[in-house]
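Comments concern the structure below.
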Amino acid sequence: MRRPTDMPHFEIHATDVDRAKAFYSGLFGWRFQPMPGGEDVGYHLIEGRDIGMDHGLTGGLMQRMDAAPPSGSPIRGGTMTFDVTDCDERYAWALANGGAEALPPTDFPGVGRCAYVEDGQGNVVGMIASAEGEQ
């Protein structure tokens with residue numbers, strides 16, 4: 001069973017998704033499958049030796065929403081998503097304590113309820129309350 005501070009999911013944002021898939025396939029041997037419901041953002045689930053739905057860690061690769069940051073800039077991308085018990089409560093806490101909305105709590109069938117906030121320091125952090133029986 002996951003603890004509230006486990007990081008069960010990460011995301012990689014890419015300007016050229018096909019190029020990124022080729023890079024990570026070659027680097028780590030990862031495989032990619034389009035995520036149902038994620039077509040509008042080119043979302044692909046990552047499968048690898050220790051990453052995937054049958055492991056404690058999942059990953060996603062998706063189309064970058066804006067221009068890529070310049071090479072060498074301090075914030076380059078990627079999102080850490082942490083397991084929480086109550087996504088809505090943690091989201092409200094974040095907004096009340098200096099955070100800003102990035103994605104309000106949203107249900108993803110078979111996955112759980114997920115939200116993203118900006119932390120006031122230029123980072124985006126995600127939280128997910130896993131679907132019943134997924135923990």
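Atom set for the values below is all heavy atoms of this structure, side chains included, hydrogens, waters and symmetry mates excluded. Please read these numbers as outputs of a predicted model, since none were measured by experiment.
- Here the closest heavy-atom approach between residue D88 and residue D86 is recorded as N-OD1, 3.1 Å.
- Hydrophobic cluster membership differs between L61 and M35, with clusters built from Ile, Leu, Val, Met, Phe, Trp and Tyr side chains linked at under 4.5 angstrom.
- The aromatic rings of H44 and F32 lie perpendicular to each other, with more than 60° between the two planes, well past the 30° mark.
- Both F28 and I46 sit in one connected hydrophobic cluster of ILVMFWY residues. Membership requires side-chain heavy atoms under 4.5 Å apart, directly or through other members.
- Hydrophobic clustering (side-chain heavy atoms under 4.5 Å, transitive across Ile, Leu, Val, Met, Phe, Trp, Tyr) keeps M62 apart from L27.
- Within the 3.5 Å criterion, the main-chain N or O of W30 finds a donor-acceptor partner in the side chain of S25.
- The main-chain N or O of E11 is never found under 3.5 Å from a side-chain atom of H13 such that the two would form a donor-acceptor pair.
- Side-chain atoms of V117 and V124, non-hydrogen and from C-beta on, never get closer than 4.5 Å to each other.
- No side-chain donor-acceptor contact under 3.5 Å links Q33 and Y43.
- Although no hydrogens or angles enter the test, the distance criterion places a donor-acceptor pair under 3.5 Å between the side chain of T58 and the main chain of P8.
- Residue-environment remark: CG (D66) stays at or below the threshold of 12 foreign heavy atoms within 6.0 Å.
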Using the rule given for side-chain contact (heavy atoms from CB on, under 4.5 Å), can you reason through E47 versus M53, listing the C-alpha separation, both sets of side-chain angles and the distance that settles it, and then say yes or no? CA-CA 8 Å; E47 291 288 330; M53 296 305 285; 4.2 Å; yes

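- Here the CG atom belonging to D18 is positioned 15.5 Å from the CZ atom belonging to F23, to the nearest 0.5 angstrom.
- The minimum heavy-atom distance linking P36 with P34 is given by the pair CD-O, 3.5 Å.
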Might you work through the side-chain contact (heavy atoms from CB on, under 4.5 Å) test for I128 and C87, ending with a clear yes or no? CA-CA 6 Å; I128 187 167; C87 184; over 6 Å; no

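- Both Y91 and F82 sit in one connected hydrophobic cluster of ILVMFWY residues. Membership requires side-chain heavy atoms under 4.5 Å apart, directly or through other members.
- When the side chains of ILVMFWY residues are joined at heavy-atom separations under 4.5 Å, either directly or via intervening members, V41 and V111 end up in two distinct hydrophobic clusters.
- Rounding to the nearest 0.5 Å gives a distance of 10.5 Å between CD of E118 and CG of L95.
- Remark: the Y116 side chain and the E101 side chain contain no N/O donor-acceptor pair separated by less than 3.5 Å.
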Take I51 and F10 through the test side-chain contact (heavy atoms from CB on, under 4.5 Å) and record every step on the way to the result. CA-CA 10 Å; I51 300 170; F10 69 92; 4.1 Å; yes

List the steps and the verdict of side-chain contact (heavy atoms from CB on, under 4.5 Å) for M127 and T81. CA-CA 5 Å; M127 57 202 87; T81 303; 5.5 Å; no

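- Using a distance-only test at 3.5 Å, with no hydrogens or angles considered, no donor-acceptor pair links the side chain of H9 to the main chain of L57.
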